[in-house]
Amino acid sequence: QVQLVESGGGLVQAGGSLRLSCTASGSIFSINVMGWYRQAPGKERELVAFITSSDSTNYADSVKGRFTIARDNAKNTVYLQMNSLKPEDTAVYYCNVRARRYRFQNENDYWGQGTQVTVSS
């Protein structure tokens with residue numbers, strides 16, 4: 001199975017920065033899309049950003065210009081640099097990786113354990 005380990009969450013004041021990381025391990029043939037989702041209390045999970053194998057990126061409108069997603073393929077790691085944080089960014093952030101374990105197998109989505117990000121005002 002593929003396992004994802006997240007780190008980098010914490011408490012920060014509005015206007016501050018945090019950098020999340022997520023590393024995939026296990027039996028992996030290839031990784032396609034890597035992304036970040038978040039879920040705040042009382043709200044549905046939403047896509048924050050994703051990055052493809054060709055380094056194309058996509059961001060939610062609410063984080064454009066403030067967050068940057070990047071990946072290090074040699075380390076099977078995806079990062080989310082979060083700048084100019086706002087209280088509304090407070091949520092549990094989940095890493096998601098779409099990967100293929102075997103050459104002729106279908107891709108599957110794998111999830112990290114979640115890391116809490118709290119932004120105070």
Side-chain angles (χ1 to χ4, degrees):
Q1 185 63 275
V2 176
Q3 295 183 345
L4 307 181
V5 178
E6 303 178 26
S7 63
L11 175 64
V12 65
Q13 294 185 19
S17 298
L18 286 173
R19 193 187 197 196
L20 307 182
S21 65
C22 173
T23 299
S25 62
S27 298
I28 302 172
F29 177 78
S30 63
I31 295 177
N32 189 347
V33 180
M34 307 180 80
W36 292 93
Y37 291 76
R38 68 185 182 187
Q39 187 166 20
K43 295 185 177 181
E44 294 185 344
R45 183 184 63 187
E46 64 174 349
L47 176 67
V48 177
F50 69 80
I51 182 168
T52 70
S53 59
S54 60
D55 284 344
S56 295
T57 59
N58 183 272
Y59 299 91
D61 289 340
S62 60
V63 306
K64 286 181 179 177
R66 300 188 297 118
F67 291 10
T68 302
I69 189 169
R71 62 192 286 170
D72 185 336
N73 293 328
K75 297 180 179 179
N76 284 345
T77 298
V78 61
Y79 304 93
L80 185 67
Q81 178 67 47
M82 304 184 294
N83 298 325
S84 301
L85 283 162
K86 304 175 180 180
E88 52 261 43
D89 295 319
T90 296
V92 177
Y93 284 70
Y94 297 93
C95 174
N96 173 263
V97 172
R98 183 167 295 174
R100 192 188 308 272
R101 296 185 65 202
Y102 302 97
R103 181 179 181 182
F104 301 108
Q105 198 83 328
N106 290 337
E107 294 178 332
N108 293 110
D109 284 349
Y110 301 91
W111 294 90
Q113 80 280 8
T115 184
Q116 177 71 47
V117 172
T118 302
V119 184
S120 64
S121 59

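Numbers for residues simply follow the sequence, beginning at 1.
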Considering all heavy atoms of both residues, which atom of [X] and which atom of [Y] are nearest to each other, and what is their separation?
X	Y	answer
Leu4	Ala24	CD2-CB, 3.3 Å
Asn106	Asn108	O-OD1, 3.6 Å
Ala14	Ser121	CB-CA, 4.4 Å
Cys95	Val78	SG-CG1, 3.8 Å
Thr77	Tyr79	CG2-CZ, 3.4 Å

Within a 6.0 Å radius of atom CZ on Arg98, are there more than 12 heavy atoms belonging to other residues, nucleotides or ligands? no

Might you confirm whether atom CD of Gln13 has over 12 heavy atoms from other residues, nucleotides or ligands at distances under 6.0 Å?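 Open: at most 12 neighbouring heavy atoms sit under 6.0 Å from CD of Gln13.
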
Heavy-atom side-chain proximity of Ser21 to Lys75 below 4.5 angstrom: no

Side-chain touch Leu85/Phe67, heavy atoms, less than 4.5 angstrom: yes

Do the side-chain N and O atoms of Thr118 and Thr90 include a donor-acceptor pair separated by under 3.5 angstrom? no

Side chain to side chain contact (heavy atoms under 4.5 Å, CB included), paired with Val119, selected from Leu11, Leu18, Val12: Val12

When you look at Met82 and Val117, which way does the side chain to side chain contact (heavy atoms under 4.5 Å, CB included) test go after all the steps? CA-CA 10 Å; Met82 304 184 294; Val117 172; 3.9 Å; yes

Taking the basic N atoms (NZ, or NE/NH1/NH2) and the acidic carboxylate oxygens, is any pair closer than 4.0 Å for Lys64 and Asp61?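 Salt bridge flag = yes for Asp61 with Lys64.
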
Can a donor-acceptor pair be found, under 3.5 Å and without considering hydrogens, that links the side chain of [X] to the backbone of [Y]?
X	Y	result
Gln113	Glu6	yes
Arg71	Thr52	yes
Tyr59	Ile69	yes
Arg100	Gln105	yes

Co-membership, hydrophobic cluster, residues Trp111 and Val33, 4.5 Å side-chain: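 Yes, because Trp111 and Val33 connect within a single hydrophobic cluster, where side-chain heavy atoms sit under 4.5 Å apart.
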
